[in-house]
There are 2 protein chains.
Amino acid sequence: MTTPRGAGRPRDPRIEQAALDAARDLLVEVGYQRLTMAAVAGRAGTTKAALYRRWPSLPHLVYEAAFPDELLKDWHLGRELRADLLGIVVGTRDAFTSPVAAAALPGLLAEFSTHPALHNALFSRFAGVAEAIDDRFRAAAEAGEARPTASAQDVLNLMIGAALIGVLVGPETLDDAWAGRITDILTDGIRP
Amino acid sequence: MTTPRGAGRPRDPRIEQAALDAARDLLVEVGYQRLTMAAVAGRAGTTKAALYRRWPSLPHLVYEAAFPDELLKDWHLGRELRADLLGIVVGTRDAFTSPVAAAALPGLLAEFSTHPALHNALFSRFAGVAEAIDDRFRAAAEAGEARPTASAQDVLNLMIGAALIGVLVGPETLDDAWAGRITDILTDGIRP
DNA sequence: ACGATTACGATACGGTGGGGATCGTATTAG
DNA sequence: CTAATACGATCCCCACCGTATCGTAATCGT
């Protein structure tokens, strides 16, 4: 899928990187709405044809530019429930409030309706997270820190949703105090 | 603003209604992305010019079609905190999961970046709601049912965000059990 | 060394849609 | 009767997407 095959001229790897960089720059400069394939190609020093050879459409390119694989990096679950939740809240906030992600998110969400593949790509990342949190909740339930019915999916949706609304309303509201308040509500909200 | 003035041929009021109805129909049938001004005009039995006379752009028309003023209708705050929160959760869910709203929401959110007026229009509706809930929280705090720092804005953002994510992931997950679980978390989350 | 295959830049094209303009006609206030 | 505005119909301009073409360049298998 990533490597085409053995014959023919190989793709110039610098083009892929230049295109992603150009997309990130333009996202911040002009926003998602005014982002065009030709503009990305122009800034990347190549042409549309080379981009369509790599991504099926502009939203796919933007998705890869705004949400690279390393974004949801390793975070560690520990022994204190509130600290674990705070870490996830802060991580989600940081991922959503980066200039590139904040510029790309609303537009990408709109494309999800017509590009199910993108939809799945973004949400499947949180699937593993949900599983880990579910395990953590089970442990917390045994320790008497959480009710047994606590659902990682519900908590995740609340958390991601609040961060998303925050980005739409104004990213400046998503400071550390915000993360603390949200974490407080969620932590107490799943107590037995 | 709504009434033009005294001179000249008055606008045909049936056109405004027909356009909103046509936009609602087309939103459900083809989705936001494939919705065009010409298609709305065609189905409404008029032309683009008549529509641009009434709305400055397609997103404005869609916004008015998907979120009419009566949508956030009167709900009543009572004496039981959880019941009040459940009412707001259910009301928000119902507003977001209507076929028209679910089809329009993602696209509209994307336009908010470029149309601040739309942005303010939607969120200003919740401003009054936030105020009412803040009063309710203060009363709950005095009754010992809520911590004094409970913020209506935080709770609203969590709630709206969760409903929004639900619409994006799959509206079928937003059943009454979902509303109950979310309400449980929020209710316990603001307890003293 | 050589043909097959694929990528490259440059350029062009068809199709679609937004937003506005024009024109002749219709409807209202004063 | 006149000024002002709305109407349907039509036309244009412009931007963009997605694809195609063409000559050239790079890399494979043999």
Side-chain angles (χ1 to χ4, degrees), chain A residues 1-20 22-23 26-27 29-63 65 107-108 110-111 113-115 117-118, chain B residues 1-20 22-23 26-27 29-65 104 107-108 110-111 113-115 117-118:
Chain A
M1 185 185 192
T2 51
T3 53
R5 244 164 324 284
R9 173 177 177 172
R11 292 185 180 168
D12 187 341
R14 298 175 307 156
I15 289 182
E16 178 149 4
Q17 202 54 48
L20 292 175
L26 289 172
L27 267 176
E29 289 179 22
V30 306
Y32 186 96
Q33 315 290 334
R34 296 188 224 279
L35 188 66
T36 69
M37 215 58 159
V40 175
R43 172 153 320 197
T46 180
T47 60
K48 286 193 300 172
L51 302 186
Y52 279 108
R53 222 171 275 127
R54 291 167 170 78
W55 295 278
S57 77
L58 179 60
H60 289 79
L61 197 169
V62 171
Y63 169 74
L108 278 182
E111 310 282 0
S113 319
T114 46
H115 293 270
L118 281 179
Chain B
M1 187 188 191
T2 52
T3 53
R5 242 165 326 285
R9 174 176 177 173
R11 291 185 182 168
D12 187 341
R14 298 175 307 157
I15 289 182
E16 179 148 2
Q17 202 53 48
L20 293 174
L26 289 172
L27 267 176
E29 289 179 23
V30 307
Y32 186 98
Q33 315 288 336
R34 295 188 225 279
L35 188 65
T36 70
M37 216 55 160
V40 175
R43 171 153 322 197
T46 181
T47 61
K48 284 195 300 173
L51 302 186
Y52 279 108
R53 225 171 272 127
R54 291 168 170 77
W55 295 278
S57 78
L58 180 59
H60 288 79
L61 197 170
V62 172
Y63 169 73
E64 193 171 334
L108 278 182
E111 311 283 1
S113 320
T114 47
H115 294 270
L118 282 179

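Only heavy atoms go into these numbers, but all of them, side chains included; no hydrogens, no water, no symmetry mates. Each chain gets a letter, A, B and so on, in the order its sequence line appears, and its residues count up from 1.
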Once you round it to whole Å, what is the distance between [atom2] of [N] and [atom1] of [X]?
{"X": "M37(B)", "N": "dC12(D)", "atom1": "CE", "atom2": "P", "result": "22 Å"}
{"X": "H115(A)", "N": "dC17(D)", "atom1": "NE2", "atom2": "P", "result": "12 Å"}
{"X": "Y52(A)", "N": "dT11(C)", "atom1": "OH", "atom2": "C1'", "result": "16 Å"}
{"X": "K48(B)", "N": "dC7(D)", "atom1": "NZ", "atom2": "P", "result": "16 Å"}
{"X": "R53(A)", "N": "dT5(C)", "atom1": "CZ", "atom2": "C1'", "result": "13 Å"}
{"X": "Q33(A)", "N": "dA15(D)", "atom1": "CD", "atom2": "P", "result": "18 Å"}
{"X": "R14(B)", "N": "dT27(C)", "atom1": "CZ", "atom2": "P", "result": "11 Å"}
{"X": "E111(B)", "N": "dG18(C)", "atom1": "CD", "atom2": "C1'", "result": "12 Å"}

To the nearest 0.5 Å, what is the distance between [atom1] ([X]) and [atom2] ([Y])?
{"X": "H60(B)", "Y": "E111(B)", "atom1": "NE2", "atom2": "CD", "value": "9.5 Å"}
{"X": "Q17(B)", "Y": "I15(B)", "atom1": "CD", "atom2": "CD1", "value": "12.0 Å"}
{"X": "R34(A)", "Y": "L26(A)", "atom1": "CZ", "atom2": "CG", "value": "12.5 Å"}

Which of these nucleotides, [options], is closest to any side-chain atom of [X]?
{"X": "P10(A)", "options": "dT27(C), dC17(D), dA26(D)", "value": "dA26(D)"}
{"X": "D12(B)", "options": "dC7(D), dC17(D), dG18(C)", "value": "dC7(D)"}
{"X": "A50(B)", "options": "dG9(C), dG8(D), dA12(C)", "value": "dG8(D)"}

It should be established whether [X] places a side-chain nitrogen or oxygen under 4.0 Å from OP1 or OP2 of nucleotide [N].
{"X": "R11(A)", "N": "dC8(C)", "result": "no"}
{"X": "T47(A)", "N": "dA10(C)", "result": "no"}
{"X": "R9(A)", "N": "dA25(D)", "result": "no"}
{"X": "T46(B)", "N": "dG8(D)", "result": "yes"}
{"X": "R54(B)", "N": "dC7(D)", "result": "yes"}

What does [X] touch in the nucleic acid at a heavy-atom separation under 4.0 angstrom: a base, only the sugar-phosphate, or nothing?
{"X": "G45(A)", "result": "sugar-phosphate"}
{"X": "L51(B)", "result": "nothing"}
{"X": "R34(A)", "result": "nothing"}

Handout entry: Minimum heavy-atom distance A19(A)-L51(A), with the two atoms named
Key =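 Minimum heavy-atom contact is CB-CD2, 3.6 Å.
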
Handout entry: Expected output: side-chain R54(B) to main-chain R11(B) donor-acceptor under 3.5 Å
Key =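 Not a single qualifying donor-acceptor pair exists.
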
Handout entry: Flag, side chain of Q33(B) to backbone of A110(A), donor-acceptor distance under 3.5 Å
Key =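 Flag set: sc Q33(B) to bb A110(A) pair under 3.5 Å.
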
Fill in the blank from the handout: Between L35(A) and A49(A), the residue closer to the 5' end of DNA chain D by nearest nucleotide is L35(A)

Practice task
Would you kindly compare A38(B) and P13(A) by the position of their nearest DNA chain C nucleotide and give the one closer to the 5′ end?
Solution key: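 Comparing both residues, the 5'-ward one is P13(A).
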
